[in-house]
**Student:** 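Got a structure for you, questions after.
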Amino acid sequence: MADAVGQVLRAAHFAAGKHSAQRRKGEAAEPYVNHVLEVAHLVAEAGLDPTTVTAALLHDTVEDTATTREELVAEFGEAVAAMVMELTDDKSLPKAERKRLQVERAPHKSAGAQAIKAADKISNLRSILNSPPADWDEQRKREYFAFAKAVVDGLDRAPAQLLAEFAATFQRL
Ligand code: ZN
């Protein structure tokens with residue numbers, strides 16, 4: 001237990017450092033680490049294990065910061081690194097293609113990655129509701145909500161608690 005808490009906090013510290021220069025796109029421009037803490041909290045509340053909570057904290061490091069898979073393996077082990085890579089989009093692809101792949105690949109992800117993906121989309125919808133980007137009109141919000149729903153609809157192994165929270169959040173637009 002002490003080891004698990006230590007690893008989770010080490011990952012929170014690691015993520016805070018990696019995302020330190022980054023802010024959320026919304027008007028409030030929250031520090032990015034708030035997002036990964038929210039995602040990890042949702043995953044922990046849904047009863048997921050410390051490995052998955054650790055991966056939740058790190059889920060955007062490879063995609064959005066100068067972090068490599070090898071670094072995650074060395075710091076947190078293979079299981080955590082593999083789960084983060086399952087959640088890392090290939091940024092060399094056009095945005096529309098990346099979105100299409102998120103929908104297509106959702107059902108093929110591991111149970112842990114599915115839980116993190118569901119929590120990620122809950123966090124993103126909450127951000128859009130509470131602090132939308134200044135240049136987003138209703139149409140743009142609706143498009144993002146529809147995309148998020150298409151992804152979450154494919155998460156057949158995500159915890160019911162997260163799917164229910166997603167559905168409740170989706171209703172709020
Ligand atoms: Zn995220």
Side-chain angles (χ1 to χ4, degrees), residues 8 11-46 48 51-69 71-72 75-76 80-93 95-106 108-133 136 140-141 143-155 157-159 161-163 165-166 169-170 173:
V8 166
H13 184 232
F14 181 95
K18 290 288 188 176
H19 292 292
S20 64
Q22 208 185 343
R23 301 209 157 242
R24 291 288 267 170
K25 275 186 290 192
E27 276 172 326
E30 282 185 280
Y32 200 86
V33 72
N34 290 21
H35 164 66
V36 299
L37 289 169
E38 181 181 23
V39 170
H41 181 226
L42 283 163
V43 164
E45 290 282 310
L48 276 294
T51 297
T52 307
V53 176
T54 301
L57 288 165
L58 302 167
H59 79 274
D60 282 327
T61 54
V62 176
E63 187 172 310
D64 290 340
T65 78
T67 304
T68 62
R69 184 189 203 285
E71 198 176 354
L72 294 182
E75 293 280 340
F76 302 101
V80 167
M83 219 180 284
V84 172
M85 294 316 294
E86 278 191 83
L87 295 157
T88 300
D89 285 354
D90 179 352
K91 280 198 152 174
S92 70
L93 298 173
K95 198 162 186 183
E97 176 66 1
R98 273 157 41 203
K99 286 188 156 183
R100 194 186 67 73
L101 287 171
Q102 278 199 36
V103 174
E104 186 181 292
R105 291 177 178 166
H108 308 294
K109 295 192 186 302
S110 66
Q114 288 202 7
I116 296 168
K117 183 57 95 176
D120 189 37
K121 294 301 187 221
I122 292 167
S123 172
N124 289 347
L125 296 199
R126 285 177 177 172
S127 288
I128 290 166
L129 290 166
N130 299 332
S131 170
W136 280 36
R140 181 98 187 258
K141 291 182 200 173
E143 280 170 15
Y144 187 85
F145 269 55
F147 158 66
K149 186 175 187 305
V151 174
V152 173
D153 282 348
L155 300 175
R157 287 190 290 158
Q161 183 177 329
L162 292 176
L163 297 177
E165 177 59 24
F166 179 86
T169 310
F170 184 85
L173 187 67

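Everything numeric here is computed off the predicted structure, so don't read it as measured data. When a ligand or atom number is given, it counts from 1 through the structure's own listing order.
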**Student:** Are there more than 12 heavy atoms of other residues, nucleotides or ligands under 6.0 Å from atom NZ of Lys25?
**Tutor:** no
**Student:** As a test of reading the structure, name the N/O/S atom of Asp60 that is nearest the Zn ion (ligand 1).
**Tutor:** OD2
**Student:** State plainly whether the residues Asp64 and Lys91 are in salt-bridge range, i.e. N to O under 4.0 Å.
**Tutor:** yes
**Student:** Hey, which N, O or S atom on His59 ends up closest to the Zn ion (ligand 1)?
**Tutor:** NE2
**Student:** Looking only at N, O or S atoms, which one in Asp120 sits nearest to the Zn ion (ligand 1)?
**Tutor:** OD1
**Student:** Going by the angle between their ring planes, with limits at 30° and 60°, are Phe76 and Phe14 parallel, tilted or perpendicular?
**Tutor:** perpendicular
**Student:** State, without any angle test, whether Glu86 and Ser110 hold a side-chain donor-acceptor pair at a distance under 3.5 Å.
**Tutor:** yes
